[in-house]
Amino acid sequence: MLETAAQWIAPAATMIAAMMTAANLGSRVTGWGFVVFSIGAIAWVAVALASGQQNLLLSNAFLLIVDLFGIWRWLGLRARYDKGAAAAERLSKHAEAPRLFQLSKIEGTAVKTGAGETIAKTVDAMVNCGDGSIAYLVVSKGGVGGAGETLHALGWGDVRVEDDAIVSEIDAAALEKHPALDPAHWPPTAEAAGAS
């Protein structure tokens, strides 16, 4: 009975965990993905012990150690950093200092117009080495999971951060007029990308 349950739990947990971590939905989901990976590794160890498969046992015992490190990394360490960043963001709303936004959250953040229409999602930000300012954002429009998407650059002067969204000074039609970026060759400046 236990062996049969382990034979079903092991692959199911492994597949679910793989989807959770591959989706890159934030540190919390990734951390819980490692928890599910750990359940899968324990089930695989049980299958290996019941069937006498030494290689399956050794590989999943090692993977369990890796999974435990992943739990610590994403639900412990990263969660602590995210908590600190959230506190700084929250405090900056009420301080005389400029508003703050956690840069590690930039990937996947919605880009919206002032009216609230989502026109793209952020892919990355390019930072000037000299003064640390953001030169431009790379945003993705269309496609699914990166397939069929079009990348554009938005100059940092064309956007502002409001709560958990990037608000663009341009609308969807204006973004469409920006030249598409070559996914493998981003420009050195926003101007070279056709952004202001």
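Any value given below was found using the heavy atoms of this structure, including those in side chains, with hydrogens, waters and symmetry copies removed. Nothing here was measured: the structure is a model prediction, and the numbers come from that model.
- The CZ atom of Arg78 lies 14.5 Å from the NZ atom of Lys83; values are rounded to the nearest 0.5 Å.
- Residues Val161 and Leu100 fall into different hydrophobic clusters, defined by Ile, Leu, Val, Met, Phe, Trp and Tyr side chains chained together at heavy-atom separations under 4.5 Å.
- For the pair Gly108 and Lys121, the tightest heavy-atom approach, listed with the atom from each and the gap, is O-CD, 3.5 Å.
- Across all their heavy atoms, Gly31 and Leu75 have their closest contact at CA-CG, 3.6 Å.
- His152 places a side-chain N or O within 3.5 Å of a backbone atom of His178 that can act as its donor or acceptor partner.
- Within the 4.5 Å cutoff, the side chain of Asp124 has heavy atoms near those of the Trp186 side chain.
- Taking CG from Leu64 and CG from Leu68, the interatomic distance works out to 4.5 Å, rounded to the nearest 0.5 Å.
- Judged purely by atom type and a 3.5 angstrom limit, Ser140 has no side-chain atom pairing as donor or acceptor with the backbone of Glu149.
- Put simply, the side chain of Thr122 gets close to the backbone of Thr109: a donor and an acceptor are under 3.5 Å apart.
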Discussion item. Please determine whether side-chain contact (heavy atoms from CB on, under 4.5 Å) holds for the pair Trp72 and Leu77, giving the CA-CA distance in whole Å, both sets of side-chain angles, and the decisive distance to 0.1 Å.
Written reply: CA-CA 6 Å; Trp72 171 80; Leu77 185 62; 3.7 Å; yes
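- Cluster annotation: Val45 and Val47 are assigned to distinct hydrophobic clusters (Ile/Leu/Val/Met/Phe/Trp/Tyr, side-chain heavy-atom contacts under 4.5 Å, transitive).
- If you chain together hydrophobic residues whose side chains sit under 4.5 Å apart, Val66 and Leu56 never meet in one group.
- Taking the side chain as every heavy atom from C-beta outward, Ile9 and Ile42 never approach each other to under 4.5 Å.
- When all heavy atoms of Gly157 and Glu169 are compared, the pair lying nearest together is O-CG, 4.4 Å.
- Here CD1 of Ile166 is found 12.0 Å from OG1 of Thr118. Values are rounded to the nearest 0.5 Å.
- For the residue pair Trp44 / Thr14, a side-chain donor-acceptor distance below 3.5 Å is found, with atom types taken as modelled.
- Side-chain contact between Ser168 and Leu175 is absent, with no heavy-atom pair separated by less than 4.5 Å.
- Between Thr21 and Val36, every side-chain heavy-atom pair lies at or beyond the 4.5 Å cut-off.
- With Gln102 contributing its side chain and Glu89 its backbone, the two residues share no donor-acceptor pair below 3.5 Å.
- A pairwise comparison of heavy atoms in Gly33 and Ala17 identifies O-CB, 3.2 Å as the closest pair.
- With contacts defined as side-chain heavy-atom distances shorter than 4.5 Å, the pair Trp156/Leu137 qualifies.
- Side chains of Ser27 and Tyr81 form no contact here, defined as non-hydrogen atoms less than 4.5 Å apart.
- The hydrophobic clustering, which links ILVMFWY residues whose side-chain heavy atoms are closer than 4.5 Å, places Val111 and Val127 together.
- In this structure, CD1 on Ile134 lies 11.0 Å from CE on Met126, to the nearest 0.5 angstrom.
- Between the Asn128 side chain and the Gly130 main chain, no donor and acceptor come within less than 3.5 Å of each other.
- To the nearest 0.5 angstrom, Ile65 atom CD1 is 11.0 Å from Ser38 atom OG.
- Between the CD1 atom of Ile16 and the CH2 atom of Trp32 there is a distance of 14.0 Å, given to the nearest 0.5 Å.
- Between the side chain of Asn60 and the main chain of Leu63, no donor-acceptor pair closer than 3.5 Å is present.
- The shortest non-hydrogen separation linking Pro187 to Tyr136 is O-OH, 2.6 Å.
- For Lys141 and Glu176, the salt-bridge test passes: some basic side-chain N is under 4.0 Å from an acidic carboxylate O.
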Item to complete: Check the pair Val139 / Ile119 against side-chain contact (heavy atoms from CB on, under 4.5 Å), numbers first and verdict last.
Response: CA-CA 9 Å; Val139 300; Ile119 60 171; over 6 Å; no
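- Looking at Phe62 and Leu58, their side chains never come closer than 4.5 Å, going by heavy atoms from C-beta outward.
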